[in-house]
Amino acid sequence: MSVLNSMPYHHAVSRVSRWCSWYTREVDDQVAGGRRDELASDLYEHAVWADEVGTTPRAAARAILSRALRGAPADLSWRRAQRRRLALAEPAAYRARRLEGVAASLVLLVASAQLAWGVFVLSRIAISTVAGDIRPGSATAITVALFTVISGAGVVLLARPRTRFWGSLGMAISSFGLVHFGLYQLYSLSATVGALTYSMPAWDLASTGVIAGLTLFFAAAAIWWWPARRSIPSGDSVGRITLGKQES
Amino acid sequence: MTRRRPGSLFPLELEILENGLALQASAGHFYGFALAKELSSRDGAALTAHGTLYKALSRMTEAGILEAVWEDPALAASDGRPRRRLYTVTAEGALALARAQAIPDPRPAGIRRGALGGALA
């Protein structure tokens, strides 16, 4: 079998292409497209050459991955230089992209923490159910599970620019359920939560504050990513298509 | 990371100019992978990493010591392969190489200086 048609080669090309799509994102479209096309040509020529010299598909794939790995620091350095150039050419657009990136990271971080809380409560419920401390399938447990699933979906939706509005909305909806019912469930399962409920004078106020804070935070994020609002094109999808065409 | 001094060429850039001129003499131009093969065959080392090679080519093109044009897509399509980016060493690049080769370099693995004036500053 020729290298060009082998699975190891295609796997290597797929990995290198993904890496290239990653480091060329948010770079000037033309420059990024040029780099992707040039790399696609290189990968093809490498396979043809490997066939000519009688290299096995596995060895050719290893060589391609090795070249990509050794060149990664230079790729990152090239990316930084291109981004700096873009920032100098279009400072307003660059600032907007930076702000968008910071907002997305912050919301994703808080959403992940909320999801982690849901998973923690569910794990405590599972342990207590196995130990026979609580009966399985209680209404509270099902509610927590439902809101954890919504939170999980929210985190996934938040990861993609086009679906961030729906992700924020999902997180805003689930924040009340996860915190309220989560604490309610832990009250009977966790000695710490039980003790805090009695010893901390402002416990109710604190839990209400957390719920209100999270709901407002995610509602604000949903407004920020309201569908009517134009998102900044990253050029990533275009890049994938370009490289995909070259590979086919 | 090694910082470039104004008006200097990295060893890789010197090798690209040397090997690029050799390829250019036979084919009229050269492209990325052909250059990687040539560099590897000269010193027996592994093929130059993608990032290292294309970053250097991009930098040298911007500095004006290489010229780059995309191959005619119809030609590439007729051969059933992706189009290549074709490079040629410019007159300024050939001059920079000649200057760099004329300057004795006391540091074998160091950066050769004074070759480009301000071209790569």
Side-chain angles (χ1 to χ4, degrees), chain A residues 4-5 12-13 15-17 19-20 22-24 27-28 30-53 55 59-60 62-82 85 242-248, chain B residues 1-4 10-13 15-16 20 23 27 29-41 44-63 66-87 120-121:
Chain A
L4 209 53
N5 297 321
V13 167
R15 285 180 189 173
V16 175
S17 304
W19 164 243
C20 183
W22 186 83
Y23 75 73
T24 55
V27 168
D28 177 74
Q30 200 176 350
V31 174
R35 170 57 74 96
R36 287 190 289 255
D37 286 0
E38 194 157 28
L39 185 59
S41 167
D42 185 298
L43 295 172
Y44 175 87
E45 303 286 353
H46 194 144
V48 172
W49 173 74
D51 275 333
E52 283 170 6
V53 297
T55 309
R62 269 200 306 272
I64 285 170
L65 291 173
S66 161
R67 289 181 73 200
L69 196 66
R70 284 183 285 121
D75 288 331
L76 294 175
S77 157
W78 173 86
R79 171 181 165 74
R80 198 172 59 239
Q82 294 300 326
R85 188 170 300 176
T242 310
L243 196 55
K245 276 181 184 169
Q246 295 286 7
E247 285 165 17
S248 61
Chain B
M1 185 185 293
T2 312
R3 281 221 169 265
R4 178 200 298 278
F10 283 132
L12 175 64
E13 291 167 343
E15 288 180 38
I16 288 174
L23 288 167
H29 49 69
F30 60 95
Y31 55 93
F33 188 74
L35 184 66
K37 267 194 308 185
E38 189 72 10
L39 290 169
S40 167
S41 67
L47 289 165
T48 314
H50 301 135
T52 312
L53 179 65
Y54 293 111
K55 184 186 165 196
L57 288 172
S58 157
R59 189 173 56 222
M60 292 168 79
T61 305
E62 284 167 16
L66 292 180
E67 203 169 67
V69 289
W70 281 103
E71 186 183 30
D72 181 6
L75 184 66
S78 70
D79 287 350
R81 56 170 173 74
R83 64 181 178 149
R84 296 165 176 162
R85 194 171 193 202
L86 305 174
Y87 294 91
L120 286 172

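The analysis underlying the following values was restricted to heavy atoms, covering all of them including side chains, and did not include hydrogens, waters or symmetry mates. Remember, predicted model here, so these are calculated numbers, not experimental data. Throughout, protein chains are lettered first and strands after them, A, B, ... in sequence-line order, and every chain is numbered starting at 1.
- When heavy atoms are compared at a cutoff of 4.5 Å, A/Ala72 does not approach chain B at all.
- At a threshold of 4.5 Å between non-hydrogen side-chain atoms, the residues A/Arg70 and B/Thr52 do not count as touching.
- Using a cut-off of 4.0 Å between Lys/Arg side-chain N and Asp/Glu carboxylate O, A/Arg85 and B/Glu62 are scored as salt-bridged.
- Across A/Arg67 and B/Ala36, no two heavy atoms sit closer than the pair NH2-CB, 3.8 Å.
- Looking at A/Leu76, neither its backbone nor its side chain comes within 4.5 Å of chain B, counting heavy atoms on both sides.
- For the pairing with A/Glu38, the side-chain contact (heavy atoms from CB on, under 4.5 Å) check across B/Phe33, B/Tyr54, B/Tyr31 returns one residue only, B/Tyr54.
- In this structure, B/Glu71 places its CD atom where more than 12 heavy-atom neighbours from other residues, nucleotides or ligands lie under 6.0 Å away.
- Ionic pairing of B/Arg84 and A/Glu45 is present here: one or more N-O contacts between side-chain nitrogen and carboxylate oxygen are shorter than 4.0 angstrom.
- Nearest heavy-atom pair, B/Ala49 versus A/Gly71, reported as atom, atom and distance to 0.1 Å: CB-N, 3.3 Å.
- Only the backbone of B/Thr48 has a heavy atom closer than 4.5 Å to any heavy atom of chain A.
- Between A/Val48 and B/Arg81 the shortest side-chain heavy-atom distance does not fall below 4.5 Å.
- Considering every non-hydrogen atom in both A/Ile64 and B/His50, the closest pair reads O-CE1, 3.6 Å.
- Minimum heavy-atom separation, A/Tyr44 to B/Gly80: OH-O, 3.3 Å.
- For A/Ser41 against B/Pro82, the heavy-atom pair with the smallest separation is CA-CB, 3.9 Å.
- In this structure, B/Trp70 and A/Asp37 have side chains that are in contact, with non-hydrogen atoms separated by less than 4.5 Å.
- Here the side chains of A/Arg35 and B/Lys55 are in contact, with some heavy-atom distance below 4.5 Å.
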